[in-house]
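First comes the structure, then the notes that go with it.
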Amino acid sequence: MKTRIVSALVMVPLLLVVYFGGIPLAAACFLVGLIGVRELFKGFEAMDVHPCYPVAYGALILLYGLHFLFPLEHEYLTGWLVLGVMASAIYIFRINEHKIEDATATMLGIVYVIFFSYHVVMTDMTGEYRILTWMIFITAFVTDICAYFSGYFLGRHKLCPNLSPKKTIEGAVGGVLGTVIVSGIFGAVFLKGMVVHCLLMGLIGSVLSMCGDLTASAFKRKMGIKDYGNLIPGHGGILDRFDSVLFTAPAIYYYIQIVLMR
């Protein structure tokens, strides 16, 4: 527990990039995409699946290049996604050297790690709703913290023993309740006219945060690895720490787009 707490405290200053937004936040998300996709591909290699690093890295560079050249022009983003899938499929043209799984794993890295994490940047670009970028991290990190301590002190019933033996139903309930409360406080302090929306985002984000965590655990189980890396003591790699963010970022962004901006 002590190692996890110390590591979490060390990461707190990283939230400064959320406060500043813009280029610092985009640079941080670029690094998450770069390191995260490498960690995911290393995990696949443990299964004798060999994704294409150049395609993924090229997609990452192109995405952020388009971001700075054509901000807020989403047709370029759609074209980028199509191009990434095409390039991944072309990778298996050397049919005697590569398997279908190699192309599929490459596509997964591009969409799951690079594209999902880019939604943090997209949320930062929503104008008056930019402050809701904080909700991405509130729903991800508060869920993790509250679930951990609720499970540690109250946990009795296993949630998904085949995926994550230490997670409990009591921890999950505590994670959701804690996140909804903190989200409501955030709304009451900073967005007084949007408290209900913050509560809803807290609820949705918290549930999806746990789904993101369990998804990463399922991948690791299939890959036969304990952690994606050892970059963060007590937590593992970038994906071990930001797996929840990969799910909460799209949730918050599309809530803004579909509910608040309509």
Side-chain angles (χ1 to χ4, degrees), residues 4 8 11-12 15 18-19 21 25 29 32 111-112 115-161 163-164 166-218 235 239-262:
R4 288 180 62 93
M11 292 182 64
V12 168
L15 294 179
V18 182
Y19 174 78
L25 183 60
C29 291
V32 168
V111 176
Y112 171 60
F115 183 50
F116 278 22
S117 63
Y118 181 66
H119 283 76
V120 176
V121 180
M122 294 168 69
T123 305
D124 183 58
M125 298 172 64
T126 53
E128 63 180 304
Y129 298 110
R130 175 187 174 275
I131 191 173
L132 292 174
T133 306
W134 288 101
M135 288 296 300
I136 294 172
F137 299 96
I138 288 173
T139 53
F141 295 160
V142 173
T143 297
D144 182 57
I145 293 168
C146 291
Y148 178 78
F149 285 104
S150 297
Y152 185 83
F153 291 109
L154 303 174
R156 296 292 184 275
H157 303 89
K158 300 297 183 181
L159 179 65
C160 295
L163 293 181
S164 187
K166 293 183 179 180
K167 287 183 172 57
T168 63
I169 294 175
E170 292 83 0
V173 172
V176 172
L177 290 178
T179 303
V180 170
I181 291 171
V182 173
S183 298
I185 294 172
F186 175 79
V189 174
F190 297 103
L191 296 161
K192 295 183 179 179
M194 294 178 57
V195 175
V196 173
H197 288 296
C198 287
L199 290 171
L200 287 173
M201 283 186 281
L203 176 62
I204 296 168
S206 182
V207 172
L208 288 177
S209 171
M210 288 185 282
C211 289
D213 189 21
L214 290 171
T215 296
S217 295
H235 290 282
L239 286 183
D240 294 292
R241 177 67 279 184
F242 289 94
D243 51 8
S244 301
V245 173
L246 295 180
F247 273 40
T248 60
I252 299 303
Y253 174 75
Y254 292 114
Y255 187 96
I256 293 170
Q257 292 292 326
I258 296 170
V259 178
L260 299 179
M261 298 183 75
R262 287 293 177 89

Distance in Å, Glu128 CD paired with Ile256 CD1, rounded so as to fall on 0.5 Å steps: 10.0 Å

Shortest non-hydrogen separation from Ser183 to Ile138 and the atoms involved: OG-CG2, 3.9 Å

Does a side-chain heavy-atom distance below 4.5 Å link Arg156 with Thr168? no

Separation between OH of Tyr129 and CD of Gln257, rounded to the nearest 0.5 Å: 10.0 Å

Got a sec, which residues hit side-chain contact (heavy atoms from CB on, under 4.5 Å) with Cys146, two or more places apart in sequence or on another chain? Val142

Do Leu154 and Val173 come within less than 4.5 Å of each other through their side chains, counting heavy atoms only? no

Got a sec, which residues hit side chain to side chain donor-acceptor pair (under 3.5 Å) with Asp243, two or more places apart in sequence or on another chain? none

Listed partners of Phe137 passing ring pair (Phe, Tyr, Trp, His ring centres under 6.0 Å), at least two apart: Phe141

Would you give the length of the straight line joining atom OG1 of Thr123 to atom CD1 of Ile252, rounded to the nearest 0.5 angstrom? 7.5 Å

Correct closest heavy-atom pair for Gly171 and Ser150 would be CA-CB, 3.9 Å

List the atom of Glu170, the atom of His157, and the distance in Å for their closest heavy-atom pair. OE2-ND1, 2.5 Å

Between Thr215 and Tyr112, which heavy-atom pair has the shortest distance, and what is it? CG2-OH, 4.5 Å

In chain order, what residues pass the ring pair (Phe, Tyr, Trp, His ring centres under 6.0 Å) check against Tyr253, with sequence neighbours excluded? His119

On a heavy-atom basis, the closest approach of Thr179 and Thr139 is CG2-CA, 3.6 Å

Which atom of Ile136 lies closest to which atom of Thr248, heavy atoms considered: O-OG1, 3.1 Å

Below 3.5 Å, can you tabulate the donor-acceptor pairs from side chains in residues 187-214 to any protein atom, sequence neighbours excluded?
residue	atom	partner	partner atom	Å
His197	ND1	Tyr255	OH	2.7
Ser206	OG	Thr143	OG1	2.9
Ser209	OG	Ser244	OG	3.3
Asp213	OD2	Lys167	NZ	2.9

Quick one: do Thr133 and Leu25 satisfy side chain to side chain contact (heavy atoms under 4.5 Å, CB included)? Show the steps, please. CA-CA 10 Å; Thr133 306; Leu25 183 60; 4.2 Å; yes

